[in-house]
Amino acid sequence: MTTVSPTPQPAMRLRELIFGAACAAAVRATARLGVADALGEQPTTVEELAATVDTEPRPLQRMLRALACYGIFQETSDGKFAHTEMSRLLREDTPNSLRYISLWCTEPWTWEAWPRLDDAVRSGRNVFDDLYGKGFFDYLHEDAQDSAQVFNRAMTTSSKQSARDIAELLDLTGVSSVADIGGGQGHVLAGLLEKYPSLNGALLDLPSVVENADPRLRDGGPLADRARIVPGDCRDDIPVQADLYIIKNILEWDDDSTRRTLRKVVEVARPGARVVVIENLVDDSPSMKFTTAMDLLLLLNVGGAKHSKESLVRHMAEAGLLVHDILVVNPYLHAFECTVPAG
């Protein structure tokens with residue numbers, strides 16, 4: 001029987017962290033093989049699992065035993081394997097599934113980039129251009145379309161999950177129009193329009209993004225008559241007037257892009273308009289191990305950064321926004337309530 005390891009001594013803990021790639025690789029392999037989907041409600045022998053997912057039993061047992069040490073699957077006293085709360089999150093059909101996030105964070109290019117972290121720390125620049133001869137998103141869409149699909153699935157899953165939390169958190173009483181700036185496929189906007197039947201909204205993002213907008217917002221969708229889809233780059237222009245502007249998880253580029261986006265909102269918005277900035281933070285958050293890791297990955301692939309509470313407030317103040325409150329959306333996200341000053 002394999003159980004979760006107790007808190008180890010410092011040397012043992014460091015050894016475990018040094019081999020962290022083994023755990024990440026095992027999670028990735030499990031997700032790709034569909035092991036969590038194959039495992040039912042009852043403890044199952046490794047032979048039965050191996051037959052279902054088309055692997056050899058002994059290597060599969062070794063991988064599942066390694067994951068069980070971290071609480072991902074459980075090995076029973078008779079050598080069978082059963083689900084845990086974490087392993088269920090690798091199932092495709094589980095609410096709040098992390099299957100595509102686990103695949104995205106372990107894509108082949110990540111294994112090439114991580115060993116170059118010291119170069120990125122020395123230079124303060126991304127290493128992606130040197131590795132692949134082109135920018136990150138150009139590489140994804142031109143040379144790694146399978147990885148781009150994984151990225152899209154991961155972002156869609158994550159956005160749908162956070163959209164529910166945002167719709168529950170924000171009070172839009174008195175708001176008649178909302179603009180989702182850099183809003184991806186518009187899951188946040190769709191959730192708000194569904195909750196508030198009198199609300200109208202606009203979704204602004206790059207043309208290649210909004211062409212795949214949430215079906216609810218597109219022509220023929222149930223929300224289409226209250227939704228406007230605006231192709232564009234929010235760093236260059238925001239041709240939308242609204243009572244409320246939502247900016248979620250896009251202020252993680254370089255500082256210049258962050259400043260340009262915030263200033264564009266201040267330029268176009270009416271005095272007194274409400275602006276809600278929603279971001280992951282690298283401080284004062286229960287998800288810091290995850291967000292600080294994502295912060296390093298952003299450094300490697302695009303030269304970007306996740307924000308601390310102080311840095312985000314500073315950027316918003318420099319753009320001319322008045323910050324009034326900071327709300328907890330969920331363990332991974334904070335919402336900064338701001339307004340555009342009058343006059």
Side-chain angles (χ1 to χ4, degrees), residues 10-29 31-32 66 70 98 100-155 158 182 206 208-209 233-235 249-262 279-285 287-312 314-315 318 332:
M12 188 183 300
R13 179 60 178 147
L14 183 56
R15 287 174 188 266
E16 292 173 357
L17 292 172
I18 290 167
F19 267 101
C23 182
V27 171
R28 176 179 178 80
R32 283 171 60 84
Y70 294 90
L98 294 178
Y100 285 99
I101 293 292
S102 70
L103 291 172
W104 167 242
C105 293
T106 55
E107 279 294 278
W109 60 265
T110 65
W111 304 95
E112 297 291 329
W114 282 120
R116 299 283 299 276
L117 182 58
D118 55 330
D119 294 335
V121 170
R122 285 192 188 96
S123 67
R125 295 176 50 251
N126 79 74
V127 300
F128 208 89
D129 293 19
D130 291 340
L131 279 172
Y132 294 101
K134 58 182 65 176
F136 176 67
F137 286 105
D138 288 339
Y139 168 81
L140 271 191
H141 293 106
E142 294 171 9
D143 302 338
Q145 293 186 2
D146 287 347
S147 190
Q149 290 298 317
V150 171
F151 172 73
N152 290 338
R153 293 291 295 271
M155 295 305 102
S158 178
L206 298 173
S208 60
V209 176
D233 187 334
C234 59
R235 293 169 293 184
N249 281 141
I250 62 169
L251 301 182
E252 53 191 31
W253 307 304
D254 58 275
D255 283 353
D256 178 62
S257 294
T258 295
R259 282 191 289 266
R260 285 165 57 194
T261 299
L262 291 172
E279 286 289 340
N280 310 111
L281 297 178
V282 293
D283 63 345
D284 195 24
S285 169
S287 64
M288 279 180 60
K289 288 182 180 178
F290 174 76
T291 53
T292 54
M294 288 301 297
D295 177 56
L296 294 179
L297 191 59
L298 282 168
L299 170 62
L300 289 171
N301 65 0
V302 295
K306 293 288 186 183
H307 286 283
S308 67
K309 186 177 291 186
E310 184 276 332
S311 71
L312 197 52
R314 185 180 70 251
H315 278 297
E318 288 173 352
Y332 299 94

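On a predicted model such as this, the values are computed, not experimentally measured, just so you know.
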TODO: Taking all non-hydrogen atoms of both residues into account, name the closest pair between Lys306 and Asp295 and its distance.
DONE: N-OD1, 2.8 Å

Task: Which residues share a side-chain hydrogen bond (donor to acceptor under 3.5 Å, both in side chains) with Asp143, sequence neighbours left out - done: Lys134

Open item on the list: A side-chain contact here means heavy atoms from C-beta on lying under 4.5 Å apart; do Thr258 and His307 qualify?
Closed with: yes

Open item on the list: How close do Leu140 and Trp104 get, counting heavy atoms only, and between which atoms?
Closed with: CD1-CH2, 3.9 Å

Open item on the list: Please report the interatomic distance CZ(Arg122) to CG(Asp118), rounded to the nearest 0.5 Å.
Closed with: 4.5 Å

- [ ] Give the C-alpha distance, both sets of side-chain angles, the deciding distance and a yes or no for side-chain contact (heavy atoms from CB on, under 4.5 Å) between Arg125 and Asp130.
- [x] CA-CA 10 Å; Arg125 295 176 50 251; Asp130 291 340; 4.2 Å; yes

TODO: Please name the pair of heavy atoms, one in Ala31 and one in Leu103, separated by the smallest distance, quoted to 0.1 Å.
DONE: CB-CD2, 3.8 Å

TODO: Taking side-chain hydrogen bond (donor to acceptor under 3.5 Å, both in side chains) as the test, write out the residues that go with Arg314, two or more places apart.
DONE: Glu310

Open item on the list: List the residues meeting salt bridge (Lys or Arg N to Asp or Glu O under 4.0 Å) with Glu112, not counting sequence neighbours, and say none if there are none.
Closed with: none

Open item on the list: Nearest 0.5 Å, please: how far is CZ in Arg153 from OG in Ser158?
Closed with: 14.0 Å

Task: Trp114 versus Ala293, closest heavy-atom pair with distance - done: CH2-O, 3.8 Å

Task: Verdict with reasoning, Asn126 to Leu299, per side-chain contact (heavy atoms from CB on, under 4.5 Å) - done: CA-CA 5 Å; Asn126 79 74; Leu299 170 62; over 6 Å; no

- [ ] Please identify each residue that fulfils side-chain contact (heavy atoms from CB on, under 4.5 Å) with Ala25, with sequence neighbours left out.
- [x] Trp111

TODO: Under the side-chain contact (heavy atoms from CB on, under 4.5 Å) rule, collect the residues that match up with Val127, sequence neighbours excluded.
DONE: Ala113, Arg116, Asp119, Ala120, Leu131, Leu300

TODO: List in chain and number order the residues that pass side-chain contact (heavy atoms from CB on, under 4.5 Å) with Asn152, two or more places apart in sequence or in another chain; answer none if no residue qualifies.
DONE: Gln149

Open item on the list: Between Thr106 and Arg28 (side chain of the first, backbone of the second, donor and acceptor by atom type, cut-off under 3.5 Å), is there such a pair?
Closed with: no

Task: Residue list, salt bridge (Lys or Arg N to Asp or Glu O under 4.0 Å) with Asp146, at least two apart or on another chain - done: none

Open item on the list: Within this structure, what is the CZ-NE2 distance for the pair Phe137 and His141, rounded to the nearest 0.5 Å?
Closed with: 7.5 Å

Task: Pairwise distance CZ(Phe136) to CZ(Phe128) - rounded to 0.5 angstrom - done: 5.5 Å

Open item on the list: Checking Tyr332 now: which residues fulfil ring-ring contact (aromatic ring centres under 6.0 Å, His included) with it, not counting sequence neighbours?
Closed with: Phe290

- [ ] Spell out, as yes or no, whether a donor-acceptor pair under 3.5 Å connects the side chain of Arg235 to the backbone of Thr261.
- [x] no

TODO: With the side chain counted from C-beta on, respond yes when Ile101 and Cys105 share a heavy-atom pair under 4.5 Å apart, and no when they do not.
DONE: yes

Task: Euclidean distance, Glu252 CD relative to Leu312 CG, rounded to 0.5 Å - done: 11.0 Å

Task: Ser285 side chain to Val282 backbone, donor-acceptor under 3.5 Å - done: no

TODO: Identify the heavy atoms of Ser147 and Trp109 that sit nearest to each other, and give their distance.
DONE: OG-NE1, 3.5 Å

Open item on the list: Once side-chain contact (heavy atoms from CB on, under 4.5 Å) is applied, do any residues pair with Leu206, and if so which ones, sequence neighbours excluded?
Closed with: Ser208, Val209, Asp233

TODO: Could you tell me which residues satisfy salt bridge (Lys or Arg N to Asp or Glu O under 4.0 Å) with Asp255, sequence neighbours excluded, listed by chain and number?
DONE: none

Open item on the list: I'd like to check Cys234 versus Arg260 (side-chain heavy atoms, cut-off strictly below 4.5 Å). Are they in contact?
Closed with: no

TODO: Hey, could you give me the CG/CG distance between Leu251 and Asn280, rounded to the nearest 0.5 Å?
DONE: 11.0 Å

Open item on the list: Please enumerate all residues that pass salt bridge (Lys or Arg N to Asp or Glu O under 4.0 Å) together with Glu279, with sequence neighbours excluded.
Closed with: none

Open item on the list: Just to verify, what does Lys309 make a side-chain hydrogen bond (donor to acceptor under 3.5 Å, both in side chains) with, not counting sequence neighbours?
Closed with: Asp284

Open item on the list: Ignoring hydrogens, what is the shortest heavy-atom contact between Ser102 and Val27? Give both atom names and the distance.
Closed with: CB-CG1, 3.7 Å

